[in-house]
Amino acid sequence: MRPASLAAIALVCVLTVTVGTLGLRMSRATSDFYVAGRTVTPRRNASAIAGEYLSAASFLGVAGLMYQRGIDILWFPVGWTVGYLVLLVLVAAPLRRSGAYTLSDFAELRLESRQIRGFASLLTVGIGFLYLLPQFQGAGLALRQATGWPAWIGALLVSVVVLAAVAVGGMRSITLVQAMQYWIKLTAIAIPAFVLLAIWSQHSSGPVELGDWAVPSTDPAGLYTTYSTMLALCLGTMGLPHVLVRFYTNPDGRDARRTTVGVLALLGGFYIFPPVYAVLGHIHLPHLAPGTRVDTMALQLPEAMTDGRSATLLTAVLAGGAFAAFLSTASGLVISVAGVVDQDVLRPLVARRTGEDAHNSVSYRMAATVAVIVPALLSRVVEPLGLAATVTLAFAVAASTFAPLLVLGVWWHRLTTTGALAGLAVGTLSALVTLGAAFLHVEPHGWPGLLLAQPAAWSVPLAFVTMVVVSRLTPGKVPPHTNRTLSRLHTPESLLPP
């Protein structure tokens, strides 16, 4: 038991619930729960997006993977950050101008099809649940490392705190929470890094020989893995529902672009530090105890480099920051999934049974409960694949489905309903094959196994090509109001009448 680590975790949880309740007084209308009334400033929204984006994979997973596999894993933070540059250039402002609440809303607006909306809703829920799994599993790891308690208690704690914050005030509450948690995470990862570097410099006797660990891979399989991972991360960012929903909270498209520039700066500052933990771990913690998850390496590093009160305090700071990562990302994912479940399942169900629309806050809170409980239970029955590995799979699914739909939907007027459905189906089928192999631990040898483990290099182009080819073969299925919709997406607000 580490009382200091437990106290840090408790403090983060209390702050999350306390700040989350501030949104209760401001959340009344539907737009307050879904998009914070579309009044979030670029500075606050950038902090909130960075807060929800820096998940368990960023805080613990990147350092652990890099410690285990070497310098090649530096492509992970590069890809995650560059993804926002792609998002800035291609879709940030048009998405905000669409006026949508969710990705499903945008899909229906652009393709004028309830089938497309239903498909997009299923994908949103699926990607959200897949991304939530490592948050709950990582919370269990962090709490077990800090206290020795069973892992399920960490998942339960995150579930309760997230549900309390989300259900109280929706997007207004979570915007405040996530903006705060970015700065908590940056502080929690930076201060121990600087302290550990100072300790290392005091005891270092000269240059450190890192050997093959610091040599990038040059074999064809390694290069394929790198390029496939980069494609998944760059394009997957624009297809993550919990990321895209935040751009609907800006007042206009110009502020959406400013938000994205701010996110790039904030992510760049954070991702300086995980490689520091990986290098120090390689030097001072060359071997982990049998059965120890590599994701916990950063939490073990302070005790490997120092002792006494310093080690206790540094571990507590890291544990608090890790828990902030689980809470903020889980909150954003629950918001995006709850919006879809509320709009596309609960409200239509209540309307069919009673002939009346459900009360906004009641149905939304019911949807949030479903969005928390289901993945929390799944996290206990699905064997962990590793925090960064599971998140990368979620990016690959998003890149193979939503990325083609968004890019072509925003920029190509010949996209047809049939073509979009075909591309989504191909991307989803590719993702299901990959996910099934991963969770069933099917590992073919050689290139077949590599193609299955890293699908983005072939699944993303296949989805794009399918949408284009089928659209060209079905020109009569172009939505009738395409030109009007595209004009809405691409006309700057300054040119519109007041």
Between [Y] and [X], do the side chains contain a donor N or O and an acceptor N or O under 3.5 Å apart?
{"X": "Gln343", "Y": "Ser104", "value": "no"}
{"X": "Glu52", "Y": "His242", "value": "no"}
{"X": "Ser459", "Y": "Ser400", "value": "yes"}
{"X": "Thr229", "Y": "Gln454", "value": "yes"}
{"X": "Ser328", "Y": "Lys185", "value": "yes"}

Nearest 0.5 angstrom please: [X] [atom1] to [Y] [atom2], how far?
{"X": "Thr485", "Y": "Leu109", "atom1": "OG1", "atom2": "CG", "result": "5.0 Å"}
{"X": "Leu111", "Y": "Lys477", "atom1": "CG", "atom2": "NZ", "result": "12.5 Å"}
{"X": "Trp80", "Y": "Ser58", "atom1": "CH2", "atom2": "OG", "result": "4.5 Å"}
{"X": "Asp105", "Y": "Leu95", "atom1": "CG", "atom2": "CG", "result": "11.5 Å"}
{"X": "Tyr131", "Y": "Ile127", "atom1": "OH", "atom2": "CD1", "result": "11.0 Å"}
{"X": "Leu378", "Y": "Ile373", "atom1": "CG", "atom2": "CD1", "result": "12.0 Å"}

So, [X] side chain and [Y] main chain: donor-acceptor pair closer than 3.5 Å or not?
{"X": "Ser336", "Y": "Leu333", "result": "yes"}
{"X": "Trp412", "Y": "Val407", "result": "no"}
{"X": "Ser471", "Y": "Thr416", "result": "yes"}
{"X": "Arg414", "Y": "Val478", "result": "no"}
{"X": "Thr482", "Y": "Pro479", "result": "yes"}

If you count the non-hydrogen atoms of other residues, nucleotides and ligands that lie under 6.0 Å from [atom1] in [X], is the total more than 12?
{"X": "Trp458", "atom1": "CH2", "value": "yes"}
{"X": "Arg380", "atom1": "CZ", "value": "yes"}
{"X": "Arg293", "atom1": "CZ", "value": "yes"}
{"X": "Gln115", "atom1": "CD", "value": "no"}

Nearest heavy-atom neighbours spanning [X] and [Y]:
{"X": "Pro42", "Y": "Arg258", "result": "CB-CB, 3.9 Å"}
{"X": "Val460", "Y": "Leu231", "result": "CB-CD2, 4.1 Å"}
{"X": "Ala330", "Y": "Val162", "result": "CB-CG2, 3.9 Å"}
{"X": "Ala367", "Y": "Ala338", "result": "CB-O, 3.3 Å"}
{"X": "Pro134", "Y": "Thr390", "result": "CD-CG2, 3.7 Å"}
{"X": "Met467", "Y": "Thr401", "result": "CE-O, 4.3 Å"}

For a side chain to side chain contact (heavy atoms under 4.5 Å, CB included) with Phe464, tell me which candidate from Leu405, Val469, Leu235 qualifies.
-> Leu235
With side chains defined as the heavy atoms from C-beta onward, is the minimum distance between [X] and [Y] less than 4.5 Å?
{"X": "Arg110", "Y": "Leu486", "value": "yes"}
{"X": "Arg44", "Y": "Leu176", "value": "yes"}
{"X": "Glu112", "Y": "Pro480", "value": "yes"}
{"X": "Leu65", "Y": "Val294", "value": "no"}
{"X": "Glu108", "Y": "Ser113", "value": "no"}
{"X": "Leu74", "Y": "Tyr271", "value": "no"}
{"X": "Gln135", "Y": "Ser55", "value": "yes"}
{"X": "Phe402", "Y": "Leu240", "value": "no"}

Taking NZ, NE, NH1 and NH2 as the nitrogens, is one of them in Arg97 or Asp252 under 4.0 Å from a carboxylate oxygen of the other?
-> no
Given side chain to side chain contact (heavy atoms under 4.5 Å, CB included), test Val82 with Leu233 step by step and report yes or no.
-> CA-CA 8 Å; Val82 170; Leu233 299 181; over 6 Å; no
Once the angle between the rings of Tyr224 and Trp447 is folded into 0 to 90°, is it parallel (under 30°), tilted (30 to 60°) or perpendicular (over 60°)?
-> perpendicular
Hey, do the aromatic rings of Phe326 and Phe59 have their centres closer than 6.0 Å?
->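 No, too far apart.
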Should Val86 and Thr237 be marked as a side chain to side chain contact (heavy atoms under 4.5 Å, CB included) after you check the CA-CA gap, both sets of side-chain angles, and the distance that decides it?
-> CA-CA 9 Å; Val86 178; Thr237 298; over 6 Å; no
Walk me through it: do Phe76 and Ile73 pass the test side chain to side chain contact (heavy atoms under 4.5 Å, CB included)?
-> CA-CA 6 Å; Phe76 274 80; Ile73 303 304; 3.5 Å; yes
How far apart are the C-alpha atoms of Tyr53 and Tyr182, what are their side-chain angles, what is the distance that settles it, and do they pass the ring-ring contact (aromatic ring centres under 6.0 Å, His included) test?
-> CA-CA 9 Å; Tyr53 194 63; Tyr182 169 78; over 10 Å; no
Where do Gln181 and Thr16 land on the side chain to side chain donor-acceptor pair (under 3.5 Å) test, with the steps shown first?
-> CA-CA 8 Å; Gln181 286 174 335; Thr16 298; 2.8 Å; yes
